[in-house]
Every structure is written in C-alpha cells, then in structure tokens.
Amino acid sequence: MYDYEELVSAERPGFRLPGWIACAPFEEYLGMRIDEARDGRAVLSMPFKVKLAQGKGLMHGGAVTAIADTAVAIAIKSMVPEGTDFVTVEMNLKFLAPVQEGTVRAEARAARQGERKIAGEADIYNGETRVAEFRALFVIKRSA
C-alpha cells in the first residue's frame with residue numbers, strides 16, 4: 001500500500017500511480033489486491049469488511065461493482081501500451097448471490113472491439129460461489 005496523502009500536496013496537486021498496473025487510492029481503500037494481470041486477463045481479490053457492508057450486513061453492491069470494473073481495467077492495462085488513456089462508458093452487473101464474509105475474487109477478460117473500443121467482462125466469486133457477472137464497454141481516448 002502507498003501513502004497517497006503524502007504524495008499529494010499544494011505543490012503537487014495530483015499523484016502518479018506507483019506503476020502502470022497498480023491499485024489506485026480508492027481501490028486500496030477498499031482492500032483490493034491484484035493477483036494476476038497479463039494478456040488481457042486479470043484476477044483481483046478484496047476481503048469482506050464490515051465497512052463495505054450495506055444495512056443488512058451484505059457487501060454493498062457498489063463495492064462489488066468497483067472490483068469488477070477495476071479488474072477489467074487492469075485486464076485492459078495488461079494489453080494496451082503503457083500510458084494509454086481509456087474510460088468505462090457503459091457497464092452492467094447482474095447479482096447472483098450475496099456476499100457476507102470471506103474474500104471476493106474478480107476474474108476479468110478484455111478484448112478489442114475495433115480501434116478505440118474494448119469490451120470487458122468479469123465473473124465475481126466468493127469462494128467457489130459465483131456471486132455476480134459484469135459486462136462493460138471501454139473507450140480509448142483519441143490521439144491528439
């Protein structure tokens with residue numbers, strides 16, 4: 001983990017990730033870890049924490065969505081040139097089962113859909129149980 005608070009100051013109002021394939025501050029806050037990233041595939045994990053729960057004690061849907069979206073973004077980073085700017089423009093997540101404990105794991109894949117579009121998908125697991133499926137479309141920023 002990196003201390004991003006120390007990296008951002010009035011003199012340096014931004015920060016740089018410690019590497020091209022790395023978790024950003026929000027992702028570190030959620031406890032995400034990159035377990036694998038290569039050839040348009042990525043596996044990320046994130047522990048269940050009470051601070052990530054909704055009112056009934058289940059992992060909040062936003063946390064599940066965050067690991068899915070991040071896993072696909074990391075898969076994309078593993079296949080595009082370093083420094084490529086891209087953003088999520090569309091996403092869909094289907095919940096299949098609740099998460100109440102343990103660790104969630106996102107297994108993501110990405111594939112180009114033309115010059116600037118990349119389609120991504122991820123399956124989210126809690127142990128061996130598939131708890132969500134994610135689909136998204138990303139767009140690479142136009143060259144200047």
Side-chain angles (χ1 to χ4, degrees), residues 1-8 13-144:
M1 298 265 194
Y2 297 90
D3 188 352
Y4 288 104
E5 296 295 328
E6 287 183 8
L7 297 175
V8 179
F15 67 91
R16 295 182 60 81
L17 291 175
W20 173 237
I21 295 180
C23 286
F26 174 71
E27 298 148 6
E28 284 193 3
Y29 174 77
L30 294 180
M32 288 184 206
R33 186 180 74 225
I34 301 167
D35 299 317
E36 180 182 328
R38 69 176 190 275
D39 303 324
R41 302 180 78 74
V43 177
L44 274 66
S45 57
M46 179 175 69
F48 176 85
K49 299 176 186 176
V50 173
K51 68 182 179 180
L52 300 181
Q54 42 83 300
K56 293 286 186 182
L58 308 175
M59 183 175 275
H60 192 282
V64 176
T65 303
I67 192 171
D69 186 49
T70 301
V72 174
I74 296 298
I76 292 169
K77 283 186 166 191
S78 78
M79 62 185 263
V80 299
E82 187 169 335
T84 302
D85 288 329
F86 60 91
V87 295
T88 311
V89 294
E90 184 179 310
M91 69 169 67
N92 177 277
L93 188 124
K94 181 177 180 181
F95 293 98
L96 306 171
V99 175
Q100 299 176 6
E101 64 183 0
T103 299
V104 293
R105 182 179 77 257
E107 297 179 0
R109 301 153 305 284
R112 283 197 176 264
Q113 302 273 300
E115 185 180 328
R116 294 184 46 234
K117 293 182 180 179
I118 300 174
E121 48 187 47
D123 293 307
I124 314 305
Y125 296 89
N126 183 214
E128 296 303 312
T129 303
R130 193 161 155 243
V131 298
E133 55 188 34
F134 178 80
R135 307 287 175 262
L137 181 64
F138 293 72
V139 173
I140 297 172
K141 182 180 174 183
R142 289 184 195 270
S143 300

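Keep in mind that what you see is a predicted model, and the values were worked out from it rather than measured. Hydrogens, waters and symmetry mates are skipped; everything else that's a heavy atom, side chains included, is used.
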Practice prompt. Would you please test Lys141 and Val87 for side-chain contact (heavy atoms from CB on, under 4.5 Å) and show each step?
Written response: CA-CA 8 Å; Lys141 182 180 174 183; Val87 295; over 6 Å; no
Worksheet item: Counting distance only, does the side-chain N/O of Thr103 pair as donor-acceptor with the main-chain N or O of Met46 below 3.5 Å?
Response: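 No.
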Worksheet item: For the side chain of Gln54 and the backbone of Gly57, is there at least one donor-acceptor N/O pair under 3.5 Å apart?
Response: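 Judged by distance alone, yes, a pair lies under 3.5 Å.
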Worksheet item: Taking C-beta and beyond as the side chain, do Met91 and Val72 meet within less than 4.5 Å on heavy atoms?
Response: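 Contact flag for Met91/Val72 side chains = no.
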Work out which heavy atom in [X] is nearest to a heavy atom in [Y]; give both atom names and the distance.
| X | Y | value |
| --- | --- | --- |
| Gln100 | Phe48 | O-CE2, 3.3 Å |
| Ala71 | Ala106 | CB-CB, 3.6 Å |
| Ser78 | Gly40 | OG-N, 2.9 Å |
| Leu93 | Phe134 | CD1-CD1, 3.7 Å |

Discussion item. Run Val43 and Tyr125 through side-chain contact (heavy atoms from CB on, under 4.5 Å) and show every step you take.
Written reply: CA-CA 11 Å; Val43 177; Tyr125 296 89; over 6 Å; no
By salt bridge (charged side-chain N to carboxylate O under 4.0 Å, His left out) - contacts of [X] (at least two apart):
| X | value |
| --- | --- |
| Asp69 | none |
| Arg41 | none |
| Arg112 | none |

Practice prompt. For residues 89-106, pull every pair meeting salt bridge (charged side-chain N to carboxylate O under 4.0 Å, His left out), keeping only residues two or more places apart or in separate chains.
Written response: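 Qualifying pairs, neighbours excluded: Arg105-Glu107.
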Taking only residues two or more places apart in sequence or in another chain, which ones pass side chain to side chain contact (heavy atoms under 4.5 Å, CB included) with [X]?
| X | result |
| --- | --- |
| Arg38 | Glu36 |
| Ala110 | Ala75, Ile76, Met79, Ile118 |
| Val50 | none |
| Glu121 | Arg109, Arg135 |

Listed pairs under 3.5 Å, donor-acceptor, residues 59-67 side chains, sequence neighbours left out:
residue, atom, partner, partner atom, Å
His60, ND1, Gly62, N, 2.7
Thr65, OG1, Gly61, O, 2.8

What is the distance from atom [atom1] of [X] to atom [atom2] of [Y], rounded to the nearest 0.5 Å?
| X | Y | atom1 | atom2 | answer |
| --- | --- | --- | --- | --- |
| Glu27 | Ile74 | CD | CD1 | 6.0 Å |
| Cys23 | Leu30 | SG | CG | 9.5 Å |
| Phe95 | Ile124 | CZ | CD1 | 9.5 Å |

Discussion item. For Phe26, I'd like to know if atom CZ has over 12 heavy atoms of other residues, nucleotides or ligands within 6.0 Å.
Written reply: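 12 or below, so no.
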Worksheet entry | Heavy-atom neighbours of Lys49 NZ exceed 12 at 6.0 Å |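 For Lys49, atom NZ is crowded (more than 12 foreign heavy atoms under 6.0 Å).
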Qualifying residues under side chain to side chain donor-acceptor pair (under 3.5 Å), relative to [X], sequence neighbours excluded:
| X | value |
| --- | --- |
| Arg116 | none |
| Asn92 | none |
| Ser45 | Arg33, Asp35 |

Item to complete: Quick one: do Leu96 and Val131 satisfy side-chain contact (heavy atoms from CB on, under 4.5 Å)? Show the steps, please.
Response: CA-CA 5 Å; Leu96 306 171; Val131 298; 5.6 Å; no
